[in-house]
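Given the structure is predicted, the values throughout are model-derived calculations rather than measurements. Order of the sequence lines sets the chain letters (A, B, ...), proteins ahead of strands, with each chain counted from 1.
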Protein chains: 2
Amino acid sequence: MQRCIKCNSVDGVIKSGFLRGKQRFFCKLCDFYFILENENTRLPQKTNQTTILDVAKHLGIAASTVSRALNGKSDISPFTRKAVQQAAIDLDYKPNLLAQSLNKGKTNTIGVVIPNVELPFFATALASMQQVAINTGYRIMVCHSSECEAIEKLNIETLISCRVDGLLVSHSKETTSFEHIKRVIAKNIPIVHFDRVCNEITTPKVIHEDFKGSFELVEHLILQGCKKIGVMLGPEKFYISQIRLEGYKAALQKYNIPIIEEYIYYSDMNKYDGAKAFEYFINLPAPPDGVFSILSRNAIEMMVEAKKRHIKIPEEMAFVGFGDDTLCELFEPSLTVFNHFPSKVGEAAINLLIENIKNKNSLIPAVLSIQGELIIRDSSRVKTGVNSWSVGQKFTE
Amino acid sequence: MQRCIKCNSVDGVIKSGFLRGKQRFFCKLCDFYFILENENTRLPQKTNQTTILDVAKHLGIAASTVSRALNGKSDISPFTRKAVQQAAIDLDYKPNLLAQSLNKGKTNTIGVVIPNVELPFFATALASMQQVAINTGYRIMVCHSSECEAIEKLNIETLISCRVDGLLVSHSKETTSFEHIKRVIAKNIPIVHFDRVCNEITTPKVIHEDFKGSFELVEHLILQGCKKIGVMLGPEKFYISQIRLEGYKAALQKYNIPIIEEYIYYSDMNKYDGAKAFEYFINLPAPPDGVFSILSRNAIEMMVEAKKRHIKIPEEMAFVGFGDDTLCELFEPSLTVFNHFPSKVGEAAINLLIENIKNKNSLIPAVLSIQGELIIRDSSRVKTGVNSWSVGQKFTE
DNA sequence: ATGAAAGCGCTAACAA
DNA sequence: TTGTTAGCGCTTTCAT
């Protein structure tokens, strides 16, 4: 069986005890003891988890029978099935999803790419996706681009390599090229954009009312009596900045208020950028009397600065922001926001994706828009009765 | 070639056009047309992504050569390597990680189980884990237990089935049985607990100073002059509740303040539970003059209620909470907290796990404790000069 | 009702 | 330097 490593003959070799846990051999022909140094170099790094074959051997049956028993196939005797199920529990057998997926050609896993979980919008959307996934038998693999285009591209490659069945993508704030998305589409992998969508490519999308929400927030400021309205945006090339700016402009135009470039402030949307924005606005020759921020967190940071300078909110300066969360509700004064229902967005996105995974061929590039809601709070509500005519009024776009 | 499905002979069968896109056959012997209904039922559902074999065929070489070229092995001619790399780009080849992992017996993936991403602590810890993972060549698969023990168990099974190389686990608030963790250990799969650890089993853990933090927060309240200190905990069986309660008790004992059961309030740690807790405390015969909450969010909710009733903070009632975040900083009055550095916890946990994955055999059950920091803010700082002796004072445990 | 064998895509040992 | 082959764990024909 074993060839002598010295004389290369096979006949004189016999086993001869163990050395350092390894089999030792002795060649009678050349009178030579040896062990195989590279023996077992591959096997030990393999996983030592129970396989279907272990279960089969344990019962003295074939692997395919075990597979059938465990997967609820019909052509199997009840007795065998019971025995297999019990053995699986006894041996703590867990199917290897890698092998299963490789064989089946699908993973039942959905890849999610988000810019940053620390933004409450994404944390909430993610949680609702998880909820749907668990109820529909899908798993979720989440990647964070950390607002970086290069990492976003890597993330998508990773998920493709993991052979996820579909992709849920919300772009980083700096993403401007969409070649990586086009490649996904070329591979016929279902993809659904949500929130930070890509307007260059026709994909199924779930968005919220960016235009309408901005419009309503700004209109609300106008109706509260604001004449000079500032807006704090994200990066200039960022799609969300652009569309929310359009809503802002449309509202001003409706009321014949001139659009002044100075009142438009672009930022990186980082934490604490609100303070910088406030600094900018307050040092203008004619500071605004109302400010709309596309990130409500930044609006709150501005209010913090305003309070430090004893500026009265909302009388001297009113604030509104896009997106609701705990902070907006509990901060004082509480912030008027347009709530865009992150959990509904997440839910709709994953449902749309699952539909598309199931009918890969008849994929319809639907665009779902989740209805939002204006929540008027103290940061903009004029408390004197005089202006109460504006509250509760219904506007059409 | 094709056997007649009627007379079962093979000689008289010829091809005879197509029907519904499928090959039609005609048997001359029994004069019978037929098609194979179940033809091609398996192949079309396979993925249609480029494989290593496609690349190999495209160049007229062997698959193993492609593998070598792409994986930077040395024994390959530079010319071949270039050609392969180019072909891989042209065909947009992405390696199938399922196959790769199955073959290698490892996935380079770490499974993370957290109760809820919407808690800022976990969002931040997760983000920092991602950061480390991306720098060390690991992927992360996140599962949310939604604070539910049953889902937590499912999550772990899923991750085991995905054959993750290791597990980072923070238990749900209702988890009381740890059999699922014992099974993981029996399988010799590296695991590291963080934050909500399990004290019944010896596993590597990353914790923060739950005892010391609670002690310091409560001691701080005492030094500010509070005599009757309430504490808002999570569920009674929840480990974190217990240990933080111990810190609370130890501080009271140090200053010879009696421990009164009425001042200990257990909750579900849900959003808005702070209001209920406040309701409870304020209706006591002798309401506390200082409250410590193990979740800072709930402390803020209590302050909201206190403000509604025009209770002066901190003069009439002071508040402190465990864990810092934006809300604590920006709320007015800002909340005194013990910052437990979520990102450091996440970072330490994943680093410890990666170490354990790399030396599976010499796994040391280290317990890392991340040092925290008391941040004194307006919710507890007595503003009059009289009590200023207490601020900045150093305490030892 | 059950077993044997092929194959999912990849890598590594072995040959050439 | 390259090709051939076996095998990772599983499911699914096909044969019995």
Side-chain angles (χ1 to χ4, degrees), chain A residues 3 36 38-57 59-84 88 91 93-108 160-163, chain B residues 3 36 38-57 59-84 88 91 93-108 160-163:
Chain A
R3 193 172 292 273
L36 270 16
N38 56 353
E39 192 186 41
N40 281 347
T41 50
R42 189 177 173 181
L43 283 179
Q45 54 177 318
K46 293 280 169 185
T47 59
N48 42 9
Q49 296 201 38
T50 311
T51 73
I52 206 167
L53 203 68
D54 296 325
V55 179
K57 279 184 190 156
L59 294 169
I61 59 176
S64 51
T65 308
V66 175
S67 171
R68 272 189 289 254
L70 258 23
N71 291 316
K73 304 286 172 179
S74 56
D75 49 354
I76 190 138
S77 83
F79 176 80
T80 311
R81 189 190 301 274
K82 280 266 174 257
V84 169
L91 299 169
Y93 166 75
K94 303 285 174 221
N96 184 328
L97 246 34
L98 298 169
Q100 227 168 269
S101 301
L102 181 61
N103 182 293
K104 294 241 192 95
K106 60 172 186 163
T107 52
N108 270 307
I160 299 284
S161 273
C162 291
R163 297 297 188 264
Chain B
R3 192 171 292 274
L36 269 17
N38 55 355
E39 194 183 40
N40 279 348
T41 50
R42 187 175 173 183
L43 284 178
Q45 55 176 318
K46 293 280 169 185
T47 59
N48 41 10
Q49 294 202 35
T50 311
T51 73
I52 207 167
L53 203 68
D54 295 326
V55 179
K57 278 183 190 159
L59 294 169
I61 60 175
S64 55
T65 308
V66 176
S67 171
R68 273 189 289 253
L70 259 23
N71 291 317
K73 305 285 171 176
S74 56
D75 49 355
I76 190 137
S77 84
F79 177 80
T80 312
R81 189 190 300 275
K82 279 267 175 257
V84 169
L91 286 101
Y93 166 75
K94 303 285 175 221
N96 184 328
L97 244 35
L98 298 169
Q100 228 168 267
S101 301
L102 181 60
N103 182 290
K104 294 241 190 95
K106 60 172 185 161
T107 52
N108 270 303
I160 299 284
S161 273
C162 291
R163 297 296 190 265

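Ranking D/dG9, D/dC10, C/dT2 by closeness to the A/Q100 side chain, first place goes to D/dC10. Of the candidates C/dT2, D/dT4, C/dT11, C/dT11 carries the atom nearest the B/I52 side chain, counting heavy atoms from C-beta on. Candidate nucleotides D/dT11, C/dC10, C/dT11 were compared by shortest atom distance to the side chain of A/K104, and D/dT11 ranks first.
The interatomic distance linking A/K106 (NZ) with C/dG9 (C1') rounds to 19 Å, in whole Å. If you take NZ of A/K57 and P of D/dC10, they are 12 Å apart, rounded to a whole angstrom. Nucleotide D/dG3 holds its P atom 12 Å from the CG atom of B/L53, rounded to whole Å. Rounded to an integer number of Å, the gap from B/L97 CG to C/dC8 P is 19 Å. The interatomic distance linking B/N103 (CG) with D/dC10 (P) rounds to 15 Å, in whole Å. As a whole-Å value, the separation of A/K82 NZ from C/dA1 C1' is 17 Å. One interatomic measurement links the two molecules: CD1 of B/I61 to P of D/dT4, which rounds to 11 Å at whole-angstrom precision. Note: CG (A/L102) to P (C/dC8) measures 9 Å, nearest angstrom.
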**OP:** Go through the steps to decide whether A/K57 and A/L59 satisfy the test side-chain contact (heavy atoms from CB on, under 4.5 Å), and finish with yes or no.
**Re:** CA-CA 5 Å; A/K57 279 184 190 156; A/L59 294 169; over 6 Å; no

**OP:** Show your working on side-chain contact (heavy atoms from CB on, under 4.5 Å) between A/Y93 and A/V66 and close with a plain yes or no.
**Re:** CA-CA 11 Å; A/Y93 166 75; A/V66 175; 5.7 Å; no

Subject >> Working for side-chain contact (heavy atoms from CB on, under 4.5 Å), residues A/R163 and A/L102 >> reply: CA-CA 9 Å; A/R163 297 297 188 264; A/L102 181 61; over 6 Å; no

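For the segment residues 72-80 of chain A, the set of residues with a heavy atom within less than 4.0 Å of an atom of DNA chain D comprises A/K73, in numerical order.
Counting heavy atoms from C-beta outward, B/I76 and B/V84 have side chains that stay 4.5 Å or more apart. Considering only heavy atoms from C-beta on, B/R81 stays 4.5 Å or farther from B/R68 through its side chain.
Considering only side-chain N and O atoms, B/T51 lies nowhere under 4.0 angstrom from the phosphate OP1 or OP2 of C/dG9. Taking side-chain N and O atoms only, B/T65 has a distance below 4.0 Å to OP1 or OP2 of D/dG3.
A donor-acceptor pair under 3.5 Å is formed between the side chain of B/N96 and the backbone N or O of B/L98.
Taking the nucleotide of DNA chain C with the nearest heavy atom to each of B/R68 and B/P95, the more 5' of the two is matched to B/P95.
Among the protein residues, B/L98 comes within range of no part of the nucleic acid, since none of its heavy atoms lies under 4.0 Å from any strand. As judged by a 4.0 angstrom heavy-atom cut-off over every strand, A/S64 is placed among the base-contacting residues.
When only modelled atom types and interatomic distance are considered, B/S64 and B/S67 share no side-chain donor-acceptor pair under 3.5 Å.
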